[in-house]
There are 2 protein chains.
Amino acid sequence: MKKSLADKIEQYLKVLIDRSEGKQIEIQRAELAETFSCVPSQVTYVISTRFQEKFGYRTESRRGGKGFVRITRFAVTSDIATINDADKLFHFINELVEKKILELNEGSMLKHIVASASSTLNDEERKNLYNSVARALNEYLNLNH
Amino acid sequence: MKKSLADKIEQYLKVLIDRSEGKQIEIQRAELAETFSCVPSQVTYVISTRFQEKFGYRTESRRGGKGFVRITRFAVTSDIATINDADKLFHFINELVEKKILELNEGSMLKHIVASASSTLNDEERKNLYNSVARALNEYLNLNH
DNA sequence: TCCTATTTGACTTTATTTGACTTTCTTGTA
DNA sequence: TACAAGAAAGTCAAATAAAGTCAAATAGGA
């Protein structure tokens, strides 16, 4: 995938978080913008689109001198309950692939299973399936990683 | 039969997929249209008529800057229709692991997901899930071995 | 001819990038 | 202590980049 600037900044931050103690980092918006030669609001954009609560991140910040933006990842697991459509589930699976927790092929396989299985279900059943798979996958990963 | 433009684009994409790692490619619609000197919606047309689920392809996309269209192929086959309960499916998975077609942990993951996810589904949904997983596995196997 | 598949293009929706302006802190100084 | 200056982050809207939709026009085959 051709990476947009937003994608690169996202990836950079995720690596920092991965390597951090406590899955938490503090950055200075202006400094990060400097690093990527972009305007500071670009950083705000990335944070507000990619590090939302529903993706398992929480952010805090402070303005003024010695200001900062703090990003905390809470266990990948805690927002599983909200996965009830194909987009969210696929997003979840894609993230696992990105993080190298799943292989590309494993991700493809899972996505196919879901797409295939859901095609004969009604809306209610489908939601159920998406959520069940997300829970089950998460459960499995918790046990094995 | 004279090849239409749509046919040529289809063929081109299939070659790309064949040569790709993981039977998955990402293209930019506008760029491909440029290559074939046609309007972008022509590409959309090709993708929506030739790369459907029923032909063994799945697509995802993103609009906006650095957007893309991702096409993934999974092979389609048909003689696993009989797998419709947990025992048969688990037996099938175990065999694949024994034959070293699946890794031990891949097998575990699938069994876990299936067992766990199926517990919240009704009978009809459950059968569906078992069969879908069997099919997906078979496809996975066709692609990678 | 009639039907279906293809081609084209105008318009829509979504995502990203940029920058001007606003708000909120911290710190130094009277 | 109060206040002004400066440092950071936030907001918002415009500009740009890509993909999607839909329907009209055209081409090709039975």
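In what follows, chains carry the letters A, B, and so on, assigned in the order in which the sequence lines appear, proteins first and then strands, with residues in each chain numbered from 1.
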Legend entry - Selected nucleotide, minimal atom distance to A6(B) side chain, candidates dA9(D), dT17(C), dT6(C): dT6(C)
Legend entry - Hydrophobic cluster membership, L104(A) vs M109(B), 4.5 Å side-chain cutoff: yes
Inset, instruction - Starting at atom CG of L5(B), determine the distance to atom P of dG28(D), rounded to an integer number of angstrom. - result: 12 Å
Inset, instruction - Check whether any side-chain nitrogen or oxygen of R50(B) sits under 4.0 Å from OP1 or OP2 of dT6(C), and answer yes or no. - result: yes
Inset, instruction - Please say whether the positively charged group of K14(A), taken as NZ for Lys or CZ for Arg, lies over the ring of F51(A), i.e. under 6.0 angstrom from the six-membered ring centre and within 45 degrees of the axis. - result: yes
Legend entry - Most 5' of D7(A) and K66(A) on DNA chain C, judged by nearest nucleotide: D7(A)
Inset, instruction - Could you verify whether a donor N or O on one side chain and an acceptor N or O on the other, from S116(B) and R135(A), lie under 3.5 Å apart? - result: no
Inset, instruction - Quickly work out the Q28(A) CD to dT26(C) P distance and round it to whole Å. - result: 13 Å
Inset, instruction - Figure out the CD/C1' separation between E60(A) and dG10(D), and round it to whole Å. - result: 16 Å
Inset, instruction - Identify, residue by residue, the members of residues 29-48 of chain B with a heavy atom below 4.0 Å from DNA chain C, and return them in order of residue number, or none. - result: V39(B), S41(B), Q42(B), Y45(B)
Inset, instruction - Could you check which of dG20(D), dG10(D), dT18(C) has an atom nearest any side-chain atom of V69(A)? - result: dG10(D)
Legend entry - Under-4.0 Å salt bridge between R50(A) and D7(A): yes
Legend entry - Spacing between K8(B) atom NZ and dT7(C) atom C1', to the nearest angstrom: 13 Å
Inset, instruction - Evaluate the side-chain proximity of H91(B) to I83(B): yes if any heavy-atom separation is below 4.5 Å, no if none is. - result: no
Inset, instruction - Side chain of S61(B) only, please: which of dT7(C), dG20(D), dG10(D) is the nearest? - result: dG20(D)
Inset, instruction - Determine the contact category for G65(A): base if any of its heavy atoms lies under 4.0 Å from a base atom, sugar-phosphate if only primed atoms, P, OP1 or OP2 are that close, otherwise nothing. - result: base
Inset, instruction - Evaluate the side-chain proximity of F90(B) to V114(B): yes if any heavy-atom separation is below 4.5 Å, no if none is. - result: yes
Legend entry - Backbone of D85(B) reached by a side-chain donor or acceptor of K127(B) within 3.5 Å: no
Legend entry - d(CD1, I71(A); P, dA9(D)) in whole Å: 12 Å
Legend entry - F68(A) CZ - dT24(C) C1' separation (whole Å): 13 Å
Inset, instruction - May I have the distance from D87(A) (atom CG) to dT13(C) (atom C1'), rounded to whole angstrom? - result: 15 Å
Legend entry - d(CZ, R63(B); P, dA15(C)) in whole Å: 8 Å
Legend entry - R62(B) side-chain N/O to dT16(C) phosphate OP1/OP2 under 4.0 Å: yes
